[in-house]
Structure formats: structure tokens, C-alpha cells
Amino acid sequence: MIPSGKLWRVLGTTALASTLILGGGFAYAMHDLLVVTPAAQQTEQAPVKEVKSGGNFQQAEEIRVTALGDSLTKGAGDNSGRGYVKTVLERLGEETGKPVQQINNLAVNGLTAAELDEMLRTDKGLEYPIREANLILLTIGGNDLFRPVLEAREDGGSGDIDIEEIEATIPSAADSLRSVIKKIRQINPDATLVYTGLYNPFYDIPELREGSAAVQQWNDEAYEILGSDEHAVLVPIMDLFQQRAADYIASDQFHPNQQGYQRIAQRIIQALT
Amino acid sequence: MMDILPLIQNETLKIWKKKRFYVILLILLVLIPLFTYAQMRMAQTNADNFKDWRNQIQQQITDLQNTLASDRMPEEWKKYDRIKVQQLQYYLDHDVNPNSPDAATFTRQFMASSVSLFFPLLILALASDLVSGERTSGTIKMLLTRPVKRWKILFSKLIALTLYVSLAIITTGAVCYLVSGLVFGYGGWTMPVFTGFVINSGSIDVSGVHPVPQWQFVIMQSGLIWVSCMTIAILALMVSVLLRSTAASIVTMMAAVISGSILAGMASSWETAKYIFSVNIDLTDYLEGTPPPIAGMDIVFSLSVLGVWMLGALIVSFGVFTKQDILN
């Protein structure tokens, strides 16, 4: 048993000291919140850390993958949540025997080419994962072309979608894609860039079957944009979703299902190995 | 005035001998290793999946953007995510890791997330039986028949309580640091933490953002926690004066604190809720730039609300304690 007098001295001093520290902390916090914050100048932008470009994956020791784009890259519609990206990573490891690492999957559901372009322009954080990668997986454009159809379908109608309306979106979306590719190349000129083309998700709907022509037109545009880039490859997948579309399209009638993603992944592997 | 010091000494030693502080210490020694372990597992998962913290933050941003893209989310919830994205972006742009795994960061994060429930719980363990306990054991008669003015007795209890509140906060910080340091290493005090995010209805103003070293941030944070805890302590003292049973006074205060934290999560449409004390006790949010539960609240408002509640509770406590008859 500690004598009361001594206990009191120790307890009292410690507690008093604690109170003083906390009171000081409170005063300091108030000063910071009410005086410093309103007066603070924009702090200096820290220098962005220089990262060595990832180079080209064919020669690399380790395959480092950054995926970006829309819901296809995200894997929407796949009940296992894997999408095509995870399968590509696995199969690539098996085929090449090299370690494969996913740096980031930066895909955002519902993203359009114009939005991706804007993200690349404003979001400096994207530069880092793109620069580090030696393999970049990209899907974009589907939302630019099909959003009018999807919105109309949500409103109840489905039959009278104007194919011309879809075609009319192509030129501006293609401009955005060109700008996206250019920005990616400015950040990382050497990485292998895989752009997966579009398919016609509405092939099963007779009135929208001609939409395939619009999709083909888009894919041609994309081919032309990527054409001169020796490290870029366009993987066509339109044919995969025509004959037995119902088996490979998810219940939302728009995204591929698990089997659909498997087949996309297969195509990409074939293109890369 | 000097005759009050022995009273404070007496009350301080009484609380110590009730071994309440040992209970607090024990709770801390059980809980904090648990959280440290959880944090360690999380750091391991991140290290497995991401080469670099930058990729992890970027992924977090992308995941939030995906939630934002969903139409199923109500607009007022999106506000929080949008602000979170901007903050993470700010850290990324300035090449500072907001979740760096070290003991100082762990301490900061643990203290910040404890302010709404865990700290009030610790304080209630100390404060709830200060007066009602004397009634239950019958010692209140002895206490009040001494030739000392009643207000001095309550005042000395209040001072003793204040000392223990400070002690509890500092001890929590110290245990956090010492235990988590075993796993994460004892560094991180000089790491910059950003503060000064100003929230204006859904958007965030970063023009006032400035870095402070983490040790300074932790001290500021603890100061704000101390004010929240003192509010709880004074209210608990009042309840302990008003209610005869210690159990009843603990339950009353717990109910008030918990309902406050639930309200804070859902009350954005009920504006009057911002005058309830327990909606305002997350003072550290203002330092971190987390949006307040109800639009229009700021640090001055919250402190005023807490101040009014404290003042009211003090008036009621002293009024009742000096006047009431001791019957049983």
C-alpha cells in the first residue's frame, strides 16, 4: 500500500500536468482552426515523385498491370467479381512464367471517353500507376454510344431507338479517345496498351441489330487512332457476342456475364502471347 | 480558499481507491492490442495487394468514384464520399501517406475514432457514481455533516474528476503508442498531417489547408477530445447528483451518448438535432475536415452548444446538491 501522501503527490502532479498539456492542446487547436486556417496560403505543391517508366512488358522481368476505363474493366455483370482483368492476369502468369502484379484497377462504372479524358487531365494521382505499368488494359466508349439507349430503356421505351442517334455520338467520342490515348502515351510511351473494342450488347433486339454497324464504325475509328502506335493493340470482341449473345450477356442485358468475360480474357491473352 | 485543497486530495484518493482507474487501464490493455492486431493484418493485406501506398490510395479513390457513379446512393451520402475523394487526392498530390503504418499514426487514428463512444464510456466509468455512489453506500451523510460548505464538496469532486479525465486521455494515448509501437515501430511523429479543410455545403475549400507535424496534430486533437470528455463528465456528474442509483445514472448517460451518435449518422434532415450535446462531441472532425453531421455546424457552434450544456449542468448540479435534503 502506497502511503496516501505520496500517492496524492504523484497522482496530483501527473494529472495536473496532463490537464495543462490538454488545455494547451485545446488552445492550440482553436488557434489553428480559427486563426491559421483562414490565413494560410496555398501550400507549395510537393514535387511529384519521379517514377521510372515501366517499359514494355514483353521484355520485362515482372509484368505490372494497370487497368482503366469503364464497367467492362471493372467487371460489372460478372457474379464472381473477377471481370476480364483478373483472368488476364492469371493466364498471363501461366503463359509467360513471369510474376504478374496488378498495380491498380482504376475503372469506374459508367465512365465515358470524355470523362476519362477529363480525369486524366485533372487527376494527377493517375499518372503514377500508369507510369509504373508495362501493360495497360483499357476499355472505353461503350457508355458514349449506348447511354442514350440505356436511358431510354430506363424510361420504359425500347423499340424506337434511333441508330442515327448512336452514330451521331461517334465523332466526339472518338476525339475524346484520341485525347485519352495521347495523354496515356505522354505519361508512359513504352507500355503495351491493350484497347478492347466494343460489342453490340443489343444484338438480341431485332430493331437494334443494325447497331452493330455503328459499333463497327467505332471500332474502325479506334483502330485508326491506335494504328500508328507500335506498342498498342486493339482486341476485337464484337463477334463473341453475336451468335449466342444470350449465353454471354448478363441479366442486365448490357454487360457480359462471367462466361462472356472469360472469352474476352481469352482474346486478350491470344493477342499478347 | 486553501481549505479546499485537502478536499480535492481526499476526493482524488477516493476515486483511486475505488480502483476505477485500474479498470480503465485494463480495458485499454485488452482493446488496444486487439486493434493493433487488426491494423497489422490490414497493413499486410495492403502490402500484398499494392506495391506502394500511392496505388492503394488511388484504388481507394477509384472505389469511391465507383460508389459515386451508382444511382442507388442518396445524394446526401455522396457528399461525404466526394469530400473524402478530394482529401485523399490532396494527400496524393502532396506525396504524403495518410495511413502510414507507424505508432504515432495509429495513436492519432485510434484517438479520433474513440471520441464519440469509447472515451465517453471511460469517463462514465469514472463519473457516474461520484455522488450517487455516496448515497448507495450511505457515506453521503458523513460527508455532508462535516463542517464544510456543500458547494465545496461538489466542487472538489468536480476538480478530482477533471484530473482523472485528463489522466484517462493521456493514458489512452500513451498505451496506444507503447503497444502499437511494438508492431509498427515508434516513429512517425514528424510526418506531416494536413488540416484546415473547410467544408461548405458539399464542397471542400482547400485554400486554408496546411501541414502540421503529427505530434502537434495529436496534441491539438487531444485538447479537443478533452473538451468533449469534460462535457460528458460534467453531465454525468449532474445525472449522478439527480439520480439515486449508480446503475440508473450510467444507463441514462449511455443512452444519451449512444442516441447522439446514432442521430449524428441520420439526422442530416432534422436540423434541430444539432443542439443536442452528443451530436456535437466529435470535435476532432473539424480538425480532420470530416463533414459535420448536420450542415451549418462548425467548431464555434459546437463549442457553444457544449458550453451551454456544461453551464446548465453545473447550475443544476450545484443548485440541487446544495439544497436537497438527505432523507434515507
Side-chain angles (χ1 to χ4, degrees), chain A residues 4-5 7-9 11-12 14-34 36-49 51 64 66 68 71 74 76 101-111 119 122-126 128-129 132 154, chain B residues 8-9 12-13 16 49-52 54-59 61-62 65-66 68-70 88-89 92-96 160 162-167 169-171 194-198 206-212 216 218-227 283-284 286-287 298-300 303:
Chain A
S4 291
L7 178 63
W8 160 242
R9 275 198 299 279
L11 210 56
T14 323
L16 197 65
S18 307
T19 312
L20 288 177
I21 293 174
L22 293 169
F26 175 65
Y28 204 89
M30 291 316 289
H31 174 75
D32 196 278
L33 281 165
L34 299 178
V36 180
T37 297
Q41 298 296 312
Q42 183 86 34
T43 43
E44 283 294 306
Q45 189 93 359
V48 175
K49 201 180 140 203
V51 186
R64 293 193 299 272
T66 288
L68 71 165
S71 49
K74 193 81 207 164
Q101 199 205 8
Q102 173 179 313
I103 295 176
N104 270 146
N105 186 340
L106 304 169
V108 175
N109 289 327
L111 204 67
M119 258 170 75
T122 55
D123 195 342
K124 294 293 161 215
L126 289 178
Y128 186 72
E132 270 186 303
E154 260 169 36
Chain B
I8 296 173
Q9 175 178 357
T12 310
L13 292 173
W16 186 265
N49 289 335
F50 299 102
K51 216 174 77 162
D52 192 316
R54 290 173 194 84
N55 301 134
Q56 188 212 324
I57 299 296
Q58 188 57 55
Q59 193 65 61
I61 291 174
T62 308
Q65 282 168 337
N66 269 301
L68 285 172
S70 160
L88 288 172
Q89 197 65 60
L92 207 53
D93 288 349
H94 290 77
D95 210 26
V96 171
T162 309
L163 292 178
Y164 276 102
V165 167
S166 313
L167 218 48
I169 295 170
I170 297 283
T171 310
F194 291 110
T195 181
F197 296 98
V198 180
V206 292
S207 62
V209 175
H210 53 281
V212 291
Q216 206 171 314
V218 170
I219 288 181
M220 295 198 291
Q221 189 186 37
S222 309
L224 293 174
I225 293 174
W226 183 75
V227 174
L283 291 177
T284 54
Y286 297 114
L287 217 51
D298 61 17
I299 179 78
V300 178
L303 283 177

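All of these numbers come straight from a predicted model, not from anything done at the bench. Naming: A, B, ... by sequence-line order, numbering from 1 per chain.
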- Task: Kindly give the heavy-atom pair with the smallest separation between Ala107(A) and Asn66(B), and that separation in Å.
- Result: O-ND2, 2.8 Å
- Message: Counting only non-hydrogen atoms closer than 4.5 Å, does Val198(B) touch chain A with its backbone (N, CA, C, O), its side chain (CB onward), both, or neither?
- Response: side chain
- Under the ring pair (Phe, Tyr, Trp, His ring centres under 6.0 Å) test, which residues partner Tyr286(B), sequence neighbours left out? none
- Task: Please assess Gln58(B) against Asp123(A) for the test side chain to side chain contact (heavy atoms under 4.5 Å, CB included), listing each intermediate value before the final yes or no.
- Result: CA-CA 10 Å; Gln58(B) 188 57 55; Asp123(A) 195 342; 4.0 Å; yes
- What part of Asn49(B) gets closer than 4.5 Å to chain A, counting heavy atoms only: side chain, backbone, both or neither? backbone
- Query: So what's closer than 4.5 Å to chain A heavy atoms on Val212(B): side chain, backbone, both or neither?
  - Reply: side chain
- Interface moiety of Gln221(B) toward chain A, non-hydrogen atoms closer than 4.5 Å: neither
- Item | Residue, of Thr12(B), Ile225(B), Leu92(B), that accumulates the most heavy atom pairs under 4.5 Å with chain A | Thr12(B)
- Note on the structure: Among Leu303(B), Leu68(B), Thr162(B), the residue with the most heavy-atom pairs under 4.5 Å to chain A is Leu303(B)
- Note on the structure: Assert top hit (heavy-atom pairs under 4.5 Å, partner chain A, pool Ile219(B), Val218(B), Val165(B)) equals Ile219(B)
- Message: To check you understand the geometry: which heavy-atom pair defines the closest contact between Gln101(A) and Phe50(B), and what is its length?
- Response: NE2-C, 4.2 Å
- In terms of heavy-atom pairs under 4.5 Å, which option from Leu34(A), Leu22(A), Thr66(A), Ile21(A) contacts chain B the most? Leu22(A)
- Looking only at Thr14(A), Leu111(A), Val108(A), Leu33(A), the option with the highest number of non-hydrogen pairs under 4.5 Å against chain B is Val108(A)
- Message: Between Asn55(B) and Asn104(A) (side chain of the first, backbone of the second, donor and acceptor by atom type, cut-off under 3.5 Å), is there such a pair?
- Response: no
- Item | Closest contact, heavy atoms only, Gly125(A) versus Asp93(B) | N-OD1, 4.3 Å
- Task: For Ser166(B) and Ser18(A), test the side chains for any donor-to-acceptor distance below 3.5 angstrom and give the result as yes or no.
- Result: no
- Shortest non-hydrogen pair, Thr62(B) vs Asn105(A), comes out as CG2-O, 3.8 Å
- Note on the structure: Heavy-atom closest pair (Leu163(B) atom, Leu16(A) atom, distance to 0.1 Å) is CD2-N, 4.0 Å
- Note on the structure: Turns out that what part of Ile57(B) lies under 4.5 Å from chain A's heavy atoms comes down to neither
- Note on the structure: chain A shares the most heavy-atom pairs under 4.5 Å, among Gln65(B), Gln9(B), Gln216(B), with Gln9(B)
- Query: What part of Gln89(B) gets closer than 4.5 Å to chain A, counting heavy atoms only: side chain, backbone, both or neither?
  - Reply: side chain
